[in-house]
Amino acid sequence: MAFSAIHPDAGRVDATLPDLGRGLAWGLVHKVRPRIALRCRECGHGVHAKVSPRGLRYFAHDPGRPPDCAWLNESLEHHQLKLALATAVRATGWGAELEVTGPDGAWRADVLATSPDGTRRIAWEAQLSPITDDDIRHRTLRYQADDVEVCWVSPTWPPWLGVVPSVRVAEDADVVVVVDGAADFYFKVGSWGMTRRLALVEFIRRVQDETVVFHEVLPRYRRIRVNAGSYSRRRALWATPASIDAEERHEVMRQRQEAWKQRQQAEAKARQQAAERQREIEREAERARLEKQREQQRAEQQRQWAIRAERDRLRREEDERQRQAAERERLAAAQAAEQERLRLERIEAAASHRWHAEVSETRQHELCDKVTEHVWLKERTKTISFAAAGPTIEFAFGTAVYVRNRLYGVLRPSPSSLHRLPRDVVIFALNAREAALLVGPGPVSAERVVFFDFPEAEQLSLM
């Protein structure tokens, strides 16, 4: 699909112009017999005139078209945007040719606008497919090398907006309008804002009249308000000379304010540094005063320490003398107590010897048998043993009795040593006379004493 073709006699014809740009009626190429031998300007293959259901006139390839023709890859949306651009250019009074190739083939303009006096040419490029920033820059430079101005137009959100002369368009109530790429500078807020809903034909007129030019935005102002609450960064945009002047004036004012601010900050910093120097002098004087005070305090502290050390030394010497005297007294008391203990033990041992001498060894065995019988009746066990060491001082010079390997009682403790008996153990005696001797006024209660009915004759005969 293309809007231009090569006529065998008239040369280049444009389907978007009423007279095909060559004073020819559409009916002279559309559905005529015999067919006019029209050719594609791009690939040279045969084409024929057609009209779409919506009345759009164009040229279509005949069967057998070559697959590498560039126009085969252009979408209907691309063709419609080219037609809108050409129509807008023509509405301004400029001439517009579609699908024009440069003299050396370096470029091919979708729409090439030419001023009435022929002194200016502007290429209007409909760019819908993705393209890198570098590629679009190189294509722009090829136009400029041939003294052709260019503006790239896209209905999408291309990343190269502001990289080269460009705008974004949209359809609003069947009118194509510029919605991004043209902006006004608002001096009061110091920022750019996109021009709202500028009709494409009006934008093209302003570009051609140079009442808007493509302007490289100063770095400080590249955050552009696209709409309420939405911002985007742009390196360049289309603007009126008045807006460019406002930006320059604002930048001068901003730099003046920045310079004033820097002077204020420098003066404040100088004052702060002077104040800091004065504070440092005062701090140094205060440090010297405090250091002298600390030296005096250290000297006084050393003197006090010496006094306390001497006082402590004297106190320690006195304490040591008292300790040694107390130790001598303690040792003397301990020695006296030990001698008293040994004396009492000798007395108790002598009494114990007399106590046990009253009973023969035979009677002692008989008493053990009685104790064994008593334990059996009381505890229902014969697991009973008597200390092999016999009478010992720890059991009041009596013989320990064990039941089930646990201390159960003491056999015939000495009445003179009852204070040595373990608590709560059973005490076994030969008879009531011995039991009375064991209970008496001492620490043993009658309930703890078990006595048997051995006669007193042996004891008395031994006394």
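Counting begins at 1 with the first residue of the sequence. Fair warning: this is a prediction, and the values are worked out from it, not measured in the lab.
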Geometric cation-pi criterion, R303 with W305: 6.0 Å, 45°: no
Test: R139 cationic atom under 6.0 Å from W107 six-membered ring centre, within 45° of axis: no
I need the minimum non-hydrogen distance between [X] and [Y], along with the two atoms involved.
X	Y	value
E77	P155	OE2-CG, 3.8 Å
I36	L28	CG1-O, 3.5 Å
A106	R142	O-NE, 2.8 Å
A109	A123	CB-CB, 3.9 Å
V32	G27	CG1-O, 2.8 Å
V179	R197	CG1-NH1, 3.2 Å

Under 3.5 Å donor-acceptor, [X] side chain and [Y] backbone:
X	Y	result
T383	T381	no
E247	L218	yes
R234	G162	no
H48	L38	no
S154	Q127	yes
R57	L17	yes
Y408	A400	no
T101	G105	no

Is the number of heavy atoms from other residues, nucleotides or ligands under 6.0 Å of [X] [atom1] greater than 12?
X	atom1	answer
N405	CG	no
R289	CZ	yes
R235	CZ	no
R196	CZ	no

4.5 Å side-chain heavy-atom contact, R225 and S191: no
R168 side chain reached by T156 side chain, heavy atoms, under 4.5 Å: no
Verify whether one side chain among [X] and [Y] offers a donor that lies under 3.5 Å from an acceptor in the other.
X	Y	value
E300	Q296	no
D134	T132	no
H45	D62	no

Using 4.0 Å as the upper bound for N to carboxylate O, is an ion pair formed by [Y] and [X]?
X	Y	value
E295	K292	no
R283	E286	no
D319	R323	no
R120	E149	yes
E125	R108	no
E282	R279	no
E202	R206	yes
E345	R341	yes

Please report the interatomic distance [atom1]([X]) to [atom2]([Y]), rounded to the nearest 0.5 Å.
X	Y	atom1	atom2	value
L20	S4	CG	OG	11.0 Å
Q144	R137	CD	CZ	12.0 Å
D180	T195	CG	OG1	10.0 Å
T16	L85	OG1	CG	11.5 Å
H7	R22	NE2	CZ	11.0 Å
T114	Q208	OG1	CD	9.5 Å

Of D110, V150, V207, L112, the residue whose pairing with W124 passes side chain to side chain contact (heavy atoms under 4.5 Å, CB included): V207
Aromatic plane relationship, W192 with F185 - under 30° parallel, 30 to 60° tilted, over 60° perpendicular: perpendicular
Plane angle bin for F59 and W26 - parallel if under 30°, tilted between 30 and 60°, otherwise perpendicular: tilted
From CA spacing to verdict: salt bridge (charged side-chain N to carboxylate O under 4.0 Å, His left out), E318, R315: CA-CA 5 Å; E318 179 61 24; R315 185 175 61 250; over 6 Å; no
Verdict with reasoning, D146 to D104, per side-chain contact (heavy atoms from CB on, under 4.5 Å): CA-CA 10 Å; D146 286 341; D104 57 354; 4.1 Å; yes
Worked check of side-chain contact (heavy atoms from CB on, under 4.5 Å) between I122 and W94: CA-CA 10 Å; I122 304 176; W94 281 40; 4.0 Å; yes
side-chain contact (heavy atoms from CB on, under 4.5 Å) assessment of R328 paired with Q324: CA-CA 6 Å; R328 287 193 295 272; Q324 290 177 359; 3.7 Å; yes
Stepwise side-chain contact (heavy atoms from CB on, under 4.5 Å) check, E317 with L314: CA-CA 5 Å; E317 289 180 356; L314 295 174; 4.2 Å; yes
